[in-house]
Amino acid sequence: MNVLAASFAPGLDPDPPLLAVRGLAKHYGTTLGCRDVAFDLWPGEVLGIVGESGSGKTTLLNCLSAQIEADAGEILYRCRDGEEVDFRTLPEARKRALLRGEWGLVHQNPRDGLRLRVSAGANIGERLMAQGARHYGGIRGEATGWLTRVEIDAARTDDLPLHFSGGMQQRLQIARTLVTQPRLVFMDEPTGGLDVSVQARLLDLIRGLVDEVGASCIVVTHDLAVARLLAHRLMVMKAGCVVEQGLTDQVLDDPHHPYTQLLVSSVLQV
Amino acid sequence: MSETGYNFAYLDEQTKRMIRRAILKAVAIPGYQVPFAGREMPLPYGWGTGGIQVTAAVIGADDTLKVIDQGADDTTNAVSIRRFFQKTAGVDTTTETAAASLIQTRHRIPEEPLTEAQILVYQVPIPEPLRWMEARESETRKMHALTEYGVMHVRLYEDIAHLGRIVKSYDYPVRVNGRYIMAPSPIPKFDNPKMDHMPALQLFGAGREKRIYAVPPYTSVVSLDFEDHPFEVQTWSDGCALCGATDSYLDEVVIDDKGGRMMVCSDTDYCEKRRAAGHLGPMSAPYAETEAAR
């Protein structure tokens, strides 16, 4: 199945994968978080991770994005300069430099990913300043540009995210993440907690921006509609294990594993 | 006359050794905050417990001590700390900047340039410059270790975005020796340039937070800024009302209940010296007259 998925991946070109995960496992004491997770992610590809609550999706994402420490396995990442590194064995300074520069993380709750008490502009500018931008005008220009791109009125550059609606906060978080042109973006339920019409707009936006920036994406969601819209490829998780992976349409239209069949059939058709 | 029943300079010798070790480490790593086992001192936190411990650890019997509080030698904090060391160490004290070998300061650097023969001890309330952006100590230590200082500029950015310029006017963050970001204690940013390549040793003691840090002599101290919003210090349209100085940091003093105000040097010693030398401001009586009135 792995081989099949690989050969059908959109990157038919001979580019090596951006991220290769092998045998990743995480236990919380005796409780299983996830185990035996293996996949490849190609440049520009969006990988969806679906499954029910407690299936280990977020654990997996947190392991990958260095929020928590995995117990075993390899996370092989190809850096911008072509060097391949095992993320888990990198010194912390390199890890944080990668997280700051080449990777981005969009939290489920925008309040986790934003500084609510500094202005929207500074939120976007923070990653730029962390990378050494020291020209106020330049930083501000970039910030207003990105606000416009995520459909937030540029007049609100100096307002606090605290006073933004949930949808605006989420879009601001996305702008803040994408401003440094990351190569790999992790998203945990990016549309969670938003109402349906806002969700649809946001999904459109994410799809467009990710494409524009040329980032690879790993999106965790329990919503199959989100997965269908965003992801090129899907990984289905159950009880900490990956039970099926393949092209999104293939997995959703012709599910093989009984659990995937259950998952797909339990979606309400309106 | 010194009190009996205390060790020289109040602290016991073991404590002084511990503090001196922290100071040595601090001098070796300019701007790095060294934790130390701060002792209870006979004055409340916030009154200079950090500075007083550093002073106690470095003071010798032949030192001449000057203590200033916001530039003044005659305010409660300065007077009581000066008297404390008079009593417990029997050292000479002075109000003259040039005559002092050791100066403990609360929130000012004397206007008169310091020399290699002097040590300046700062009282520090909050030693962590990243504190307002990042509440977790574990995280701020990592940020220092990995030179992750982007958030410091977020704060300055906010000032410019909301108010058009960097309004932070005291405790203005600096980068020491091209490495650590340091809180210079709440001195006005007017004093920041004096820290750069100062011939005197600068020691910082934070009693409540139990941190010591230092800037060795002739070390670069650069105030953070943006390329298009460079660092600048406070300026005043007029000079000191008493001595006419235009190059010193001025305090605003309310003189009546009808909105009357005067601007005077915050450094009292500097102001007095100038008046003694015959400099007069618009509101001053001739110096001899004020001396006669005393």
Side-chain angles (χ1 to χ4, degrees), chain A residues 66-67 69 90-101 103-104 111-147 154-163 172 176-177 179-180 182, chain B residues 29 32 126 128-169 171-176 178-181 189 192 220-232:
Chain A
Q67 311 249 59
E69 183 93 21
L90 283 184
E92 179 145 19
R94 281 288 305 276
K95 275 188 191 172
R96 289 171 70 117
L98 271 185
L99 281 168
R100 221 173 38 232
W103 294 14
R111 283 155 191 266
D112 296 336
L114 292 174
R115 288 184 191 277
L116 292 179
R117 296 188 182 278
V118 304
S119 68
N123 264 289
I124 297 179
E126 181 179 342
R127 270 171 78 106
L128 294 171
M129 291 185 251
Q131 293 193 349
R134 290 290 178 266
H135 191 280
Y136 173 81
I139 295 166
R140 195 179 168 77
E142 192 85 357
T144 46
W146 269 94
L147 279 179
R156 304 210 59 178
T157 310
D158 296 332
D159 292 352
L160 301 186
L162 197 63
H163 304 141
L172 178 61
R176 171 185 160 93
T177 307
V179 65
T180 50
Chain B
I29 317 172
Y32 172 74
I126 295 165
E128 180 50 77
L130 300 165
R131 179 61 68 239
W132 301 113
M133 298 308 295
E134 176 56 64
R136 290 165 294 176
E137 177 70 17
S138 58
E139 189 65 17
T140 53
R141 286 200 198 185
K142 257 182 214 168
M143 291 159 82
H144 280 296
L146 303 174
T147 346
E148 283 183 8
Y149 288 137
V151 287
M152 287 313 295
H153 277 85
V154 171
R155 229 184 141 177
L156 303 181
Y157 174 100
E158 281 295 88
D159 269 3
I160 304 174
H162 291 295
L163 302 152
R165 64 194 173 89
I166 301 174
V167 294
K168 178 101 181 134
S169 59
D171 205 3
Y172 192 101
V174 293
R175 174 166 269 200
V176 180
R179 174 63 178 82
Y180 283 97
I181 299 270
K189 65 178 171 184
N192 274 19
S220 85
V221 176
V222 180
S223 306
L224 303 184
D225 61 1
F226 286 102
E227 288 160 10
D228 46 346
H229 284 268
F231 173 78
E232 48 193 26

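Residue numbers start from 1 in every chain, and the chains themselves are labelled A, B, ... in the order their sequence lines are given, proteins ahead of strands.
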Quiz prompt | CD/B/E232: more than 12 non-hydrogen atoms of other groups inside 6.0 Å | solution =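 Counting other residues, nucleotides and ligands, CD of B/E232 stays at 12 neighbours or fewer.
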Self-check item: A/R117 atom CZ, neighbour heavy-atom count above 12 within 6.0 Å
Solution: no
Let me know if [X] has heavy atoms under 4.5 Å from chain A in its side chain, its backbone, both or neither.
X: B/H153; value: both
X: B/M152; value: neither
X: B/L146; value: side chain

Within the 4.5 Å heavy-atom criterion, are [X] and [Y] side-chain neighbours or not?
X: B/V151; Y: A/R115; result: yes
X: A/R140; Y: B/Y157; result: yes
X: B/F226; Y: A/M129; result: yes

Self-check item: Over all atoms of both residues, closest heavy-atom pair of B/D225 and A/R134
Solution: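 Minimum heavy-atom contact is O-CD, 4.2 Å.
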Practice problem: Specify the closest pair of heavy atoms between B/H162 and A/D158, including all atoms of both residues, with the distance to one decimal. | Solution: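 Closest approach of B/H162 to A/D158, heavy atoms only: CE1-O, 2.9 Å.
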Quiz item: Is it true that a side-chain atom of B/D228 and a backbone atom of A/H135 form a donor plus acceptor pair closer than 3.5 Å?
Solution: no
Quiz prompt | Max heavy-atom pair count under 4.5 Å with chain B, selected residue of A/S119, A/G132, A/A93, A/A97 | solution = A/S119
Quiz item: Who among A/R100, A/R127, A/R96 has the most heavy-atom pairs with chain B under 4.5 Å?
Solution: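 The residue among A/R100, A/R127, A/R96 with the greatest pair count is A/R96.
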Quiz prompt | Spacing of CG belonging to A/L160 relative to CD belonging to B/E158, to within rounding of 0.5 Å | solution = 7.0 Å
